[in-house]
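Below, chains carry the letters A, B, ... as their sequence lines are ordered, and counting in each starts from 1.
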Amino acid sequence: MAFGNSGLPSFLTTKLDAAIGWARKYSIFQYPFVTACCGMEYMATACSHYDVDRFGAGLPRFSPRQADVLFVVGTVSHKIAPVLRRIYDQMCDPKWVVAFGVCTCTGGFYDNYATVMGIDTILPVDVYIPGCPPRPETVLDGLIKLQEKIQHQRQEIA
Amino acid sequence: MSSTPPSSPLDKLGAVSQSELLPEVLTLLESQFSGKVLSVCVNLGDWEASVAKGSVPEIMRFLRDDKRTDFKMLADLSAVDGLKMGLVPRFYVVYHLYSIKLKHRLRVKTNVSEEDPAVPSLVDVWPIANWFEREVWDMFGIRFTGHPDLKRILMYEGFQGHPLRKDYPVNYRQPLIGPRN
């Protein structure tokens with residue numbers, strides 16, 4: 001290390017990490033993968049009354065290539081699972097996944113031939129938002145938890 | 001009047017024959033197709049007819065075209081697996097008909113055995129039967145002879161078995177990706 005043991009490099013990288021984290025957590029571009037009734041609560045959260053734009057997540061992108069956070073909203077069946085996985089693979093790093101509603105968290109009350117028992121069986125999940133469907137306050141709480149996670153993680157700069 | 005055979009599995013479903021009160025549609029059906037219409041009844045206020053499997057298209061065509069019945073709409077087509085009810089033969093296919101002009105409804109049932117799960121297709125009578133029959137094939141494994149494109153409609157290609165059959169294990173899953181959970 002050119003800086004020796006002065007502590008300067010670690011000081012710089014942590015400050016840089018914090019600055020990038022701050023920037024990233026307030027410019028979340030979501031990709032809403034909406035398959036079921038939870039979509040109504042997602043829309044309620046996005047609209048002006050709860051206003052997800054207050055948290056810097058107001059612009060959903062309908063292309064996975066432009067999105068940072070994959071919101072999986074609603075029941076995922078085995079038939080749609082390869083599509084969901086493909087959309088996740090199309091997103092650029094850094095990327096995060098939010099499981100919205102119990103169906104995406106665990107399969108919910110479904111226990112049958114058609115339903116994936118939690119999307120974490122097919123892709124990594126960062127934040128789980130329980131509820132059937134979750135109230136908008138719960139969604140915003142989950143979003144704030146995601147922001148905390150983004151802020152405090154090590155920032156990969158590719 | 002009522003010719004319900006005592007061994008008919010449909011009797012176990014609480015069907016009550018009320019020969020004096022039969023509506024004109026059912027008496028007409030019985031007189032037109034004696035021997036092919038196995039039984040008619042009014043079940044909890046709904047008109048019901050049980051017919052022989054082979055003559056389903058013929059009877060349906062009559063029900064659609066006759067001025068007195070005028071069932072222009074096939075409202076639903078489904079099936080029941082009577083495995084756990086002890087039905088013999090095991091399945092029956094249910095057709096729900098509706099007349100838009102006369103505003104009356106009719107339920108038509110036909111028995112299907114497990115050894116030969118095939119029913120004549122009604123795509124020529126009502127085109128909507130196409131997707132209904134594909135769904136019944138997908139879920140129950142009942143074939144519809146004469147269907148132009150009988151393939152699965154809800155489950156994916158390569159799915160094994162028919163999930164609404166009562167002997168399909170309730171927790172059995174066939175994921176395309178991911179672990180078997």
Side-chain angles (χ1 to χ4, degrees), chain A residues 31 33-39 64 67 70-91 93 95-130 132, chain B residues 76-85 87 90-94 112 114 117 128 130-144 147-181:
Chain A
Y31 180 89
F33 188 88
V34 180
T35 53
C37 37
C38 274
L70 175 60
F71 265 72
V72 185
V73 183
T75 320
V76 175
S77 66
H78 286 301
K79 195 176 182 179
I80 203 82
V83 179
L84 176 61
R85 178 70 213 192
R86 189 186 175 120
I87 281 172
Y88 176 78
D89 289 339
Q90 283 175 338
M91 289 170 67
D93 281 323
K95 57 186 172 186
W96 297 273
V97 178
V98 173
F100 186 117
V102 277
C103 290
T104 52
C105 294
T106 65
F109 55 67
Y110 293 105
D111 185 11
N112 60 20
Y113 57 91
T115 310
V116 174
M117 303 307 275
I119 58 164
D120 49 7
T121 58
I122 52 175
L123 42 90
V125 177
D126 293 283
V127 174
Y128 297 86
I129 303 175
C132 184
Chain B
D76 196 11
L77 193 168
S78 185
V80 174
D81 181 359
L83 182 70
K84 305 217 167 147
M85 294 187 282
L87 291 194
R90 180 173 160 187
F91 302 98
Y92 58 93
V93 174
V94 192
V112 183
E114 188 176 0
I128 187 63
N130 189 320
W131 281 18
F132 283 146
E133 289 175 354
R134 281 176 61 189
E135 188 189 358
V136 171
W137 156 250
D138 195 357
M139 293 291 142
F140 292 94
I142 295 172
R143 281 178 285 107
F144 289 86
H147 190 286
D149 187 21
L150 193 65
K151 60 183 186 190
R152 291 185 183 277
I153 189 168
L154 292 172
M155 305 313 292
Y156 31 90
E157 291 294 318
F159 190 88
Q160 302 285 317
H162 302 281
L164 287 196
R165 285 193 174 198
K166 292 299 176 193
D167 50 4
Y168 188 90
V170 68
N171 289 322
Y172 183 60
R173 296 189 176 83
Q174 305 179 34
L176 291 173
I177 60 168
R180 189 168 292 272
N181 51 50

Stepwise side-chain contact (heavy atoms from CB on, under 4.5 Å) test for B:Val170 and A:Asp111: CA-CA 8 Å; B:Val170 68; A:Asp111 185 11; over 6 Å; no

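- Atom OH of A:Tyr110 is surrounded by 12 or fewer heavy atoms from other residues, nucleotides or ligands within 6.0 Å.
- Side chain of B:Arg173 to backbone of A:Ala114: no donor-acceptor contact under 3.5 angstrom is found.
- Within the 4.5 Å cutoff, the side chain of A:Tyr113 has heavy atoms near those of the B:Met155 side chain.
- Between the CD atom of B:Gln174 and the NZ atom of A:Lys79 there is a distance of 13.5 Å, given to the nearest 0.5 Å.
- In this structure, CG on A:Leu123 lies 7.5 Å from CD1 on B:Ile177, to the nearest 0.5 angstrom.
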